[in-house]
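Notes for the one structure printed next.
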Amino acid sequence: MSADKHVEEEKSLNFLEEIVENDLSAGKYQSIMTRFPPEPNGYLHIGHASSICLNFGLTQKFGGGTNLRFDDTNPVTEDTEYVESIKEDIKWLGFEWKHELYASDYFETLYEYAIKLINNGLAYVDDSTSEEIAQQKGTPTQPGHRNQYAGRPVEENLQLFADMRAGKYKDGEKVLRAKIDMESPNMLMRDPILYRIKHAHHHRTGDAWCIYPMYDFAHGQSDSIEHITHSICTMEFVPHREVYDWLIEKLAIFPSKQYEFARRNLSHTVTSKRKLLQLVNEKYVSGWDDPRMPTIAGYRRRGYTPESIRDFCDRIGVGKRDNMVDLGLLEFCAREHLNKIALRRMVVFDPVKVVITNYEKGSELLVAENNPEDTSTGNREISFSNELYIEREDFMENPPKKYFRLAPGQKVRLKHAYIIQCDEVVKDEAGAVMQLNCTYIPESKSGADTSGIHVKGTLHWVNAKDHIAIRINEYDRLFTVENPANEEGEFQSYINANSLTVLNGALAEPALKEALVSDRFQFLRKGYFVLDKESPKDLLVFNRTVTLKDSWAKAGK
Ligand code: ATP
Ligand code: MG
């Protein structure tokens, strides 16, 4: 995928920035306020990152502030664990909210707003069942009609609504509805429900309430209370905008405005909290922060950097049409950043022994740069001896033409060290290669090579006398198809059975002993890796963030 294409797209599609700029220059607002309004019913995923970058990005660019508002009006699915994870993830992404707020803090104000509507003859208590309400609503092509409850006098509505709050009724026995227009072409305007009865414990308000406001009666009003100027949501809320504006107008409160942009979906995964929760509950993954999950917590554990996720969100930009973004672009962004910051280390995944028969020094220390892209990271010392390990796949007994790695009679360079030549192959009884006896060229030392010999292959290696064993988790895409949610049958049936390969017994240079979870590494020729946050004390476990190249693109999958 071409990176330029996405940069272009971003420029032409950033219509929200244009709106804000116009509003400010027209003097409509002195400064702007946006908000990010997650429902605390799951961990944040990559789609949310897009919304976060957009909302916080606008106020970073144009000034003003962005609130973090928990949209906690549904007591049943919400949890404080989710509240904490959401805060951690937004901070990790590098954003600071102006105020931490909860829609549930507005319950009393919202209740007063409802009373105001009732007093103005704009809301009524309806005793119909949800089936009756649905039936009376009509269809997109047929107008709906009001029932006998719509004509209740104000006094009766006030009393019934107070009784609803007081807990006099059971779930579903009554609702409060706005009195708008049963014939509107917009179904949502056909006397939408504002409050329902739900006898449920709420994670913040406890048992104080048994009536809860619906989305349409909480979201716009919360925006208004906070003086949000630009309330940005995803396209499915377009039909809600009419209700949003109607309620704000009738209540005569701060005129927040809603704007919509298209959801961003990522290929080969699912971005719906409900489906992600299923993956967790049904144990397809180890938790919300499993490195295969498209959650912010998953990407963090996988070794992605906040910079790379922000870069990704910038590149996909803001549009009006739903789109499926290829996972390859996210990986591209990770490689771009990791290449700049990752410390280079050598790790042999599947070792075969090399003995250098003419090396008589015993051992020596060689100098290796930590990151050629960032000289400020300096050098490290690595020890070399007459016994080394190289990658089994870097040797071939009968190589084809243009094979530049090690083969009998062939020379390669060992990274940061010497040129060696393979003289003899030692095998076990079954014919498997056990050891490669080689000679080295003393004048070919990296940085001081006077040998005049040129070789095409450079191999990574570790010292057989000085190394540590590590475990490696190689992650791959979680689903085998681009859009599992759209396939026939259950989305879980498209899980990639090889999304995790655990490799025990990889051998690493000892410098990795000092690794911290916050470090990023490039294992030479292998990919980018990070220490897993749950590595046991006596065994370092590294997660593969991403390979060095896009192997799926190459395989044409
Ligand atoms: P989900 O379906 O995963 O539960 P949601 O939209 O219900 O998503 P919320 O917690 O309500 O999740 O969303 C918080 C904000 O993030 C909303 O403004 C929502 O529009 C936005 N958002 C959620 N998913 C995406 C996405 N895939 N792309 C862009 N923005 C998104
Ligand atoms: Mg939601």
Side-chain angles (χ1 to χ4, degrees), residues 10 13-14 16 33-58 66-74 76-79 81-87 89-90 93 95 97 101-104 203 214-216 218-220 222-223 226 228 230-241 244 256-280 288 293-299 309-310 312-325 327 329-330 483-486 491:
E10 178 204 15
L13 289 180
N14 212 344
L16 289 165
M33 277 300 291
T34 61
R35 87 290 171 261
F36 175 65
E39 189 180 338
N41 61 350
Y43 280 58
L44 296 180
H45 54 62
I46 190 74
H48 293 116
S50 172
S51 173
I52 291 169
C53 290
L54 174 60
N55 280 297
F56 285 89
L58 280 173
T66 301
N67 287 343
L68 168 59
R69 182 199 319 140
F70 290 100
D71 188 357
D72 58 348
T73 52
N74 182 0
V76 184
T77 53
E78 294 157 5
D79 203 304
E81 178 200 344
Y82 298 137
V83 168
E84 292 313 312
S85 77
I86 289 169
K87 293 197 313 195
D89 290 350
I90 297 173
L93 278 174
F95 296 109
W97 51 86
L101 301 162
Y102 295 80
S104 57
H203 76 113
M214 302 296 286
Y215 172 87
D216 282 322
H219 206 93
S222 303
D223 285 343
E226 295 172 20
I228 302 300
H230 298 78
S231 171
I232 298 162
C233 58
T234 42
M235 293 304 280
E236 69 271 25
F237 290 98
V238 169
H240 292 258
R241 199 198 314 137
Y244 185 103
S256 298
K257 285 280 168 203
Q258 175 182 307
Y259 301 89
E260 308 87 13
F261 78 112
R263 262 178 192 270
R264 293 314 198 202
N265 296 313
L266 190 63
S267 77
H268 300 94
T269 188
V270 287
T271 42
S272 133
K273 278 178 282 186
R274 196 176 49 83
K275 292 198 174 71
L276 295 173
L277 180 62
Q278 268 177 282
L279 293 177
V280 173
W288 283 98
M293 289 282 270
T295 52
I296 307 300
Y299 289 121
I309 293 178
R310 293 201 306 261
F312 171 74
C313 293
D314 276 356
R315 283 173 191 272
I316 62 177
V318 182
K320 281 261 181 196
R321 248 184 303 152
D322 268 12
N323 79 355
M324 174 68 79
V325 184
L327 180 61
L329 181 66
L330 180 61
N483 190 358
N486 244 14
F491 74 97

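In listed order, ligands and their atoms are each counted from 1. Residue indices begin at 1 and follow the sequence shown.
Proximity to Ser272 (heavy-atom distance under 4.0 Å) selects the following atoms of ligand 1: 3 (O).
Judged by distance alone, with hydrogens and angles left aside, the side-chain atoms of Ser222 form no donor-acceptor pair with the main-chain N or O of Ala103 at under 3.5 Å. Arg264 places no side-chain N or O within donor-acceptor distance of the main-chain N or O of Ile46, the cut-off being under 3.5 Å.
Ring centroids of Tyr244 and His240 are separated by 6.0 Å or more, keeping the two rings apart.
At a 3.5 angstrom cut-off on N or O pairs, Arg274 does not count as close to ligand 1. Close N/O approach between Arg35 and ligand 1 is not found [any backbone or side-chain N/O within under 3.5 Å]. Looking at Thr234 next to ligand 1, an N or O pair under 3.5 Å apart turns up. By the 3.5 Å distance cut-off applied to N or O atoms, Lys273 is counted among the residues near ligand 1. At under 3.5 Å, a nitrogen or oxygen of Arg264, whether backbone or side chain, sits near a nitrogen or oxygen of ligand 1.
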message: Does Arg69 form a salt bridge (charged side-chain N to carboxylate O under 4.0 Å, His left out) with Glu226? I'd like the steps, not just the answer.
response: CA-CA 10 Å; Arg69 182 199 319 140; Glu226 295 172 20; 2.8 Å; yes
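The line from CG of Asp216 to CZ of Phe237 is 8.5 Å long, rounded to the nearest 0.5 Å.
Of the candidates Glu260, Glu236, Arg69, His48, His48 brings a heavy atom nearest to atom 23 (C) of ligand 1.
Contact annotation: Phe237 has no heavy atom less than 4.0 Å from any atom of ligand 1. Using 4.0 Å as the threshold, Lys275 has no heavy atom nearer than that to any atom of ligand 1.
The aromatic rings of Trp288 and Tyr82 lie perpendicular to each other, with more than 60° between the two planes, well past the 30° mark.
A donor and an acceptor atom, one from each side chain of Thr66 and Asn55, are nowhere located under 3.5 Å apart.
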